[in-house]
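See below for the structure under consideration.
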Amino acid sequence: MTTYQSDLLRLLDERGYIHQMTDAEGLDALAAKQVVPGYIGFDATAPSLHVGSLVQIMMLRRLQQAGHKPIVLMGGGTTRIGDPTGRDESRKMLDDATIEANIASIRTIFERFLTFGDGPTDAVMVNNHDWLGQLGYIELLQEVGTHFTINRMLTFDSVKLRLDREQPMTFLEFNYMILQGYDFRHLSKAMGVRLQMGGSDQWGNIVNGMELGRRMDGAELFGLTTPLLTTAAGAKMGKTAAGAVWLNSGQLSDYDYWQYWRNCDDRDVGRFLKLFTDLPLDEIARLEALDGAEINEAKKVLANAATAMCRGPEAARISAETATQTFEKGQIGGDLPQVTAPAGGIDILTALRELGFTASNKEGRRKLDEGAVKVDGVAVRDPHHKILPADDPVPLSLGSKKHGLVTR
């Protein structure tokens, strides 16, 4: 492990956030002597971010914990274009009202992780539509376009992979990297930002912005990326068979969020505790050394800490209590996900899908064939089975870990 002089890089290094840096020595020296304003950009394509964005949110939290200034850049402008990175098709266009509503909803997530205000290390949220929306096309071409070559842009993975797969890429999307580079340049001029952070897939875009700031303003800027985060099983963070693991409770219940962390792979516990909680490193070392059935206790600590940070301590307490009642005491926990049955009943495939237990009817039929589905403790294999509404909620389970209620 490299020895850093700044609290910032020591903290990021110890907890496993660092993948690449453009100038580690320069950034370390800067962070050791002054407050460094740093930012990460997030597009507003939905009312919530999901767990796949959580490592970036935690990076901003670590920046603030180390005495620096986090800047949350919402892509009100770039959301209108779409980042082609890692995508095979163009993003669906959103109207202005939807983008603004999404930004307002996403802000509530950041307010749980960061302290906002007017102080030197308080977090601020900015919207790149405020400056990108004012750019004239001719001005953009003259001032910014001359610093980008098509030759280099074609070598970027976000472009090359799309072209290699013979998937169409619009001229609109091709401009995304220019506008993202301009964001870094603008923030360095307007707010003294010196650092941009992001996932490893954003390395090229970050370097573009640094070079643009240097060429246009002579600014000394820095870039830092995190490793591409996957689970030990190789799955992408934030995705499950039932869909995305959303950070906002409006998109995913507190209990389901808690369960996501509780059900993580044994091999991921230590890494996730470092990345997604504030637990001290010596306590994490103790927890990740547990094995056998004891590792489940470490998973509960992870689930409680991650849920408390994102959803609040009360949500974590109720979710843990519900899990204890459901799994350990065989009772019906009050915070289980629910689906409402109409007067004529709800067919079992629909109930499984609406509870988020299965992603499709095909998957539901397979689970029924396997005998993994139980209604009120009794295995059901018939895909045409209807669950009738009753005075008391009817328990519906898939396997040993997914439990829900059918209510009237």
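For clarity, every value in this text was computed on a predicted model and none was experimentally measured. Just so you know, residue 1 is the first one in the sequence shown, and it goes up from there.
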Are the side chains of [X] and [Y] in touch, meaning some heavy atoms are under 4.5 Å apart?
X: Leu396; Y: Val373; result: yes
X: His50; Y: Leu252; result: no
X: Arg61; Y: Leu114; result: yes
X: Thr108; Y: Arg112; result: no
X: Phe116; Y: Phe110; result: yes
X: Asp23; Y: Asp28; result: no
X: Leu228; Y: Asp201; result: no
X: Asn128; Y: Thr79; result: no

Do Arg62 and Tyr17 meet the cation-pi criteria used here (NZ or CZ under 6.0 Å from the six-membered ring centre, within 45° of the axis)? no

Evaluate the criterion salt bridge (Lys or Arg N to Asp or Glu O under 4.0 Å) for residue pair Lys386 and Asp347; output intermediate values, then yes/no. CA-CA 4 Å; Lys386 274 191 181 291; Asp347 70 81; 5.0 Å; no

Pair Phe42, Leu49 - check side chain to side chain contact (heavy atoms under 4.5 Å, CB included), show working. CA-CA 9 Å; Phe42 303 85; Leu49 301 173; 3.8 Å; yes

Keeping the roles fixed (side chain from [X], backbone from [Y]), state whether a donor-acceptor pair exists under 3.5 Å.
X: Thr322; Y: Ile318; answer: yes
X: Arg10; Y: Gln5; answer: yes
X: Asn248; Y: Pro47; answer: yes
X: Asp43; Y: Thr45; answer: no
X: Ser319; Y: Trp258; answer: no
X: Asn102; Y: Ala44; answer: yes
X: Gln64; Y: Thr121; answer: yes
X: Asn263; Y: Gln259; answer: yes
X: Lys299; Y: Cys264; answer: yes
X: Arg381; Y: Asp369; answer: yes

Full working for salt bridge (Lys or Arg N to Asp or Glu O under 4.0 Å) between Glu363 and Lys367: CA-CA 6 Å; Glu363 184 188 359; Lys367 295 298 182 183; 5.0 Å; no

Sorted by first residue and then second, give each ring pair (Phe, Tyr, Trp, His ring centres under 6.0 Å) pair with at least one member in residues 181-200; sequence neighbours left out. Tyr39-Phe184, Trp131-His186

List the residues meeting side chain to side chain donor-acceptor pair (under 3.5 Å) with [X], not counting sequence neighbours, and say none if there are none.
X: Thr231; result: none
X: Arg365; result: none
X: Asp122; result: none

What distance do [X] atom [atom1] and [Y] atom [atom2] have between them, rounded to the nearest 0.5 Å?
X: Ser105; Y: Glu100; atom1: OG; atom2: CD; answer: 12.5 Å
X: Asn208; Y: Glu211; atom1: CG; atom2: CD; answer: 6.5 Å
X: Gln202; Y: Gln196; atom1: CD; atom2: CD; answer: 7.5 Å
X: Asp256; Y: Ser249; atom1: CG; atom2: OG; answer: 11.5 Å
X: Ile109; Y: Leu247; atom1: CD1; atom2: CG; answer: 4.5 Å
X: Glu14; Y: Leu9; atom1: CD; atom2: CG; answer: 11.0 Å

Let's go through Thr226 and Gln56 carefully: what are the C-alpha distance in whole Å and the side-chain angles of both, what is the deciding distance for side chain to side chain donor-acceptor pair (under 3.5 Å) to 0.1 Å, and is it a yes or a no? CA-CA 8 Å; Thr226 58; Gln56 311 306 329; 3.3 Å; yes

CA sep, side-chain torsions, deciding dist, call: Lys236, Leu229, side chain to side chain contact (heavy atoms under 4.5 Å, CB included): CA-CA 7 Å; Lys236 196 173 181 180; Leu229 199 60; over 6 Å; no

Start with the C-alpha gap between Phe276 and Trp261, add the side-chain angles, then the distance that decides, and say whether ring pair (Phe, Tyr, Trp, His ring centres under 6.0 Å) holds. CA-CA 10 Å; Phe276 302 118; Trp261 299 106; 5.1 Å; yes

Between [X] and [Y], what is the shortest heavy-atom contact and its length?
X: Leu388; Y: Val394; result: O-CG2, 4.2 Å
X: Tyr255; Y: Pro337; result: CD2-CD, 3.6 Å
X: Ala66; Y: Leu8; result: CB-CA, 3.6 Å
X: Met309; Y: Thr277; result: CE-CA, 4.0 Å
X: Ser200; Y: His19; result: CB-CD2, 3.6 Å
X: Asn304; Y: Ala316; result: O-CB, 3.5 Å

Hey, mind stepping through Phe222 and Met210 against side chain to side chain contact (heavy atoms under 4.5 Å, CB included) and telling me if it holds? CA-CA 7 Å; Phe222 301 91; Met210 287 173 48; 5.6 Å; no

Under the rule for side chain to side chain contact (heavy atoms under 4.5 Å, CB included), what residues qualify as partners of Arg267, not counting sequence neighbours? Ala232, Ala233, Asp265

Could you give the side-chain donor-acceptor pairs of residues 286-295 under 3.5 Å, partners two or more places apart or in another chain?
{"unit_1": "Arg286", "atom_1": "NE", "unit_2": "Glu283", "atom_2": "OE1", "d": "3.2"}
{"unit_1": "Arg286", "atom_1": "NH2", "unit_2": "Glu283", "atom_2": "OE2", "d": "2.9"}

What do the steps show when you test Val36 against Lys69 for side chain to side chain contact (heavy atoms under 4.5 Å, CB included), and what is the final call? CA-CA 6 Å; Val36 177; Lys69 188 175 184 68; over 6 Å; no

Salt bridge (Lys or Arg N to Asp or Glu O under 4.0 Å) between Arg271 and Asp268, worked out: CA-CA 5 Å; Arg271 186 166 58 118; Asp268 288 325; 2.9 Å; yes

Could you please spell out the steps behind the salt bridge (Lys or Arg N to Asp or Glu O under 4.0 Å) verdict for Glu111 and Arg107? CA-CA 6 Å; Glu111 287 171 344; Arg107 183 185 172 94; 2.9 Å; yes

